[in-house]
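Note sheet for the following structure.
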Number of protein chains: 4
Amino acid sequence: MAVDKRNSEKYHLIIDAAVTVIAKHGYHHAQVSKIAKEAGVADGTIYLYFKNKEDILISLFRLKMGTFITTIEKRLETCFDAKEKLRFLVEMHLSQLAEQPDLAVVTQLELRQSARELRLKINDVLKGYVQVMENVIDEGKAEGIFQEQLDTKLARQMLFGTLDEIVTNWVMKEGKFDLESLSQETYHMLLTGFQKSS
Amino acid sequence: MAVDKRNSEKYHLIIDAAVTVIAKHGYHHAQVSKIAKEAGVADGTIYLYFKNKEDILISLFRLKMGTFITTIEKRLETCFDAKEKLRFLVEMHLSQLAEQPDLAVVTQLELRQSARELRLKINDVLKGYVQVMENVIDEGKAEGIFQEQLDTKLARQMLFGTLDEIVTNWVMKEGKFDLESLSQETYHMLLTGFQKSS
Amino acid sequence: MAVDKRNSEKYHLIIDAAVTVIAKHGYHHAQVSKIAKEAGVADGTIYLYFKNKEDILISLFRLKMGTFITTIEKRLETCFDAKEKLRFLVEMHLSQLAEQPDLAVVTQLELRQSARELRLKINDVLKGYVQVMENVIDEGKAEGIFQEQLDTKLARQMLFGTLDEIVTNWVMKEGKFDLESLSQETYHMLLTGFQKSS
Amino acid sequence: MAVDKRNSEKYHLIIDAAVTVIAKHGYHHAQVSKIAKEAGVADGTIYLYFKNKEDILISLFRLKMGTFITTIEKRLETCFDAKEKLRFLVEMHLSQLAEQPDLAVVTQLELRQSARELRLKINDVLKGYVQVMENVIDEGKAEGIFQEQLDTKLARQMLFGTLDEIVTNWVMKEGKFDLESLSQETYHMLLTGFQKSS
DNA sequence: GATGAATGAGCGTTCATTCAT
DNA sequence: CATGAATGAACGCTCATTCAT
């Protein structure tokens, strides 16, 4: 597939259709034909832009998570220390998913139903985010804000695991509580978990 | 189905076969016939003990998680404060799954691929564990060890999310690092996140 | 199977259970286990009295139709001419089935869903009835009441076909009209179709 | 399913294949895959033209009986009285089935093995034929040819039951006698059964 | 590039029958 | 005689992917 496909209109049309269809019907009822119909193209057209169904899902995740991560990265650049970075990371993780409920359903629930193989590829995409998180933690340690003996990987697992669990609970409750209002408290718990006792 | 079926030998034989087959072949390739073969019974025999395939999976989760939770609960009863309870909860969560790698693969990766409907039933089972965790947190607050303004639900999501993420990472790395050795550090991070600053 | 099985209590118990179950649940949902339960015996016990499931159905038909035919034959013996015999045959065909609605459902609807092979065996049982009918027709011809050029087989097909269609319609309408009240008119139509023009 | 599917080549190909396969192997051994093979299409193609297996059978009956009934109706329009109509109805009922032995096997024997639900739908199709028959009888009564006190429904049951029984006997004997040659005699029996005594 | 008709592999479940007790 | 747990063959249907137009 030529790289320029990714800039074509139909490419994005199909990915957005996939998000909509999966959020509405669930992963197992998101047939290629349904996605094609939602996108307003023929079934066969899908295969001009994607290698196969799995490729739609990976591309979807790559594109959406790419934006998700980049948005956070950009914001973090303006922060002056790791503490502030942690605060914004938590805030933006929650707010971005709160603002895109369809995407939240897809990433937190539906896409996790995919086969082991696909999940490994999804994890590759997440590696960028993992890096962002670990950088914040390492910076905090370097700045003397976080405990120096903190295991970076473990701390990142706590950070990601906590945020992921919160969002998943929110999606499961069908967004019936305010996700963004939790960020302050969540930030504090994580911060005290990481930082030096004063 | 008569209740005593759950105490019969074949019932457990089939459930253990299901764990083995799912861990080995993955959720989507775990055909009933494969499970039957692994259990050493005929395909039809499965249906003398389980309503359908989904029932095998729910029963599996209920039985294994039931033991998992009960084992932890029993241990926590002997602790004299919430701090100790937190320590053992973390330790036992990790050690129990480390000791049953097949089960870990099934609960952390494979069973999460199940349809939304099944996942809701799985969540019901997890509610017991959620309760155990929230009790520990509430006790810590009552004992004056944890911050009184700590949001119990949020703290529980941090606790569960962290442990779950750690185990999942371990499973994904195919158990190539020592899971149980992480418990001390994990406990400390969570504890400092929860407890009063001294 | 020893012949004396047919006189045993359980033999009849099972056959009556089969009639009940088939009438209630339909041919395709009349599992052997259901019949056994209705008869109050174990599944395996069925096979002490019948070769297989098909044998239950044939035996059922043979027993019930045997009684049906014998009852008619006995009554016809007392008639003094073919005209009267025709009248009673029609009357009794309809009245006997009207009095046993479960049996009517089984013979008119459910048992006809059986495989070709079974239906051939059922036809063997019906040969006795065919004979009774053809005898009446032949007698009518010999007595000079019916047209002598009447084709006996064809006339019998008209006789049986008419009665069978009437009863089937009655069963399909779930017995919502009075079957026996039709016998007079039916008899007249058949009689004029058969008899010499006066 | 779009209406134009019913005019497509494959639609008819599949229905004719179903007739052939059912006539040859019997209702219970007429698997979808066998029908597909006979039609020269893939299994899945069947489901582009039919909702499910039952839909094939209903469509088959509707199409073939539709033609059967229409052919008779057209012919009857040219008749000048009910007597002639009765004659042609009998003649054409027998001749049409005699000319399509496979179809006769399917309608007289095999399709009757279908589940109750399907049979009710089949009966709906037959209602058109029932109407044609009752019209002939009513016309005969109006024209003063048939007895005015004749019960139309009962007479129709005699007419249909007789023809149906004759054809079924012919099919059971595997067409070993000439069906069409019976029409004259059958017509006479039915006519004298219906008409006024002269 | 775009279409959509056609493909065909793959699997959960039922139930008549057996046979050790 | 009677039991009932165990057996295992058999099949309708879905849907990702292809390819002739």
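Below, read A as the first sequence line, B as the second, and so on, with proteins coming before strands; counting in each chain starts at 1.
A heavy atom lying under 4.0 Å from DNA chain F marks none of the residues of residues 15-27 of chain D.
Rounded to an integer number of Å, the gap from CD1 of D/I35 to P of E/dG8 is 18 Å. Counting to the nearest Å, the P atom of E/dA5 and the CD1 atom of D/I14 are 14 Å from each other. Between the CZ atom of B/F50 and the C1' atom of E/dT14 there is a distance of 18 Å, given to the nearest Å. With rounding to whole Å, B/K34 atom NZ is found 18 Å from F/dG8 atom C1'.
Side-chain contact between B/H12 and B/L63 is present, with at least one heavy-atom pair separated by less than 4.5 Å.
Applying the salt bridge (charged side-chain N to carboxylate O under 4.0 Å, His left out) test to every pair with at least one member in residues 10-20 of chain D, sequence neighbours left out, gives these pairs: D/D16-D/K64. The salt bridge (charged side-chain N to carboxylate O under 4.0 Å, His left out) contacts involving residues 29-38 of chain C comprise nothing, where partners must be two or more places apart or lie in separate chains.
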Review point. Could you go step by step and tell me if B/R119 and A/M172 meet the side-chain contact (heavy atoms from CB on, under 4.5 Å) rule?
Key: CA-CA 10 Å; B/R119 301 206 50 200; A/M172 291 255 203; 4.3 Å; yes
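With DNA chain E read from its 5' end, the first of the two nearest nucleotides for A/K10 and D/A42 is the one closest to A/K10.
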Check your understanding: In dot-bracket, 5' to 3', how would DNA chain E read with Watson-Crick or G-U wobble pairs under 3.5 Å, [ ] for crossing ones and | for pairs to another strand?
Key -> .||||||||||||||||||||
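Among residues two or more places apart in sequence or in another chain, the salt bridge (Lys or Arg N to Asp or Glu O under 4.0 Å) test is passed with C/E174 by C/K176.
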Revision key, fill the gap. Protein heavy-atom contacts under 4.0 Å, written 5' to 3' over nucleotides 15-21 of chain E as B (base), S (sugar-phosphate only) or - (none), form the string SSBB---
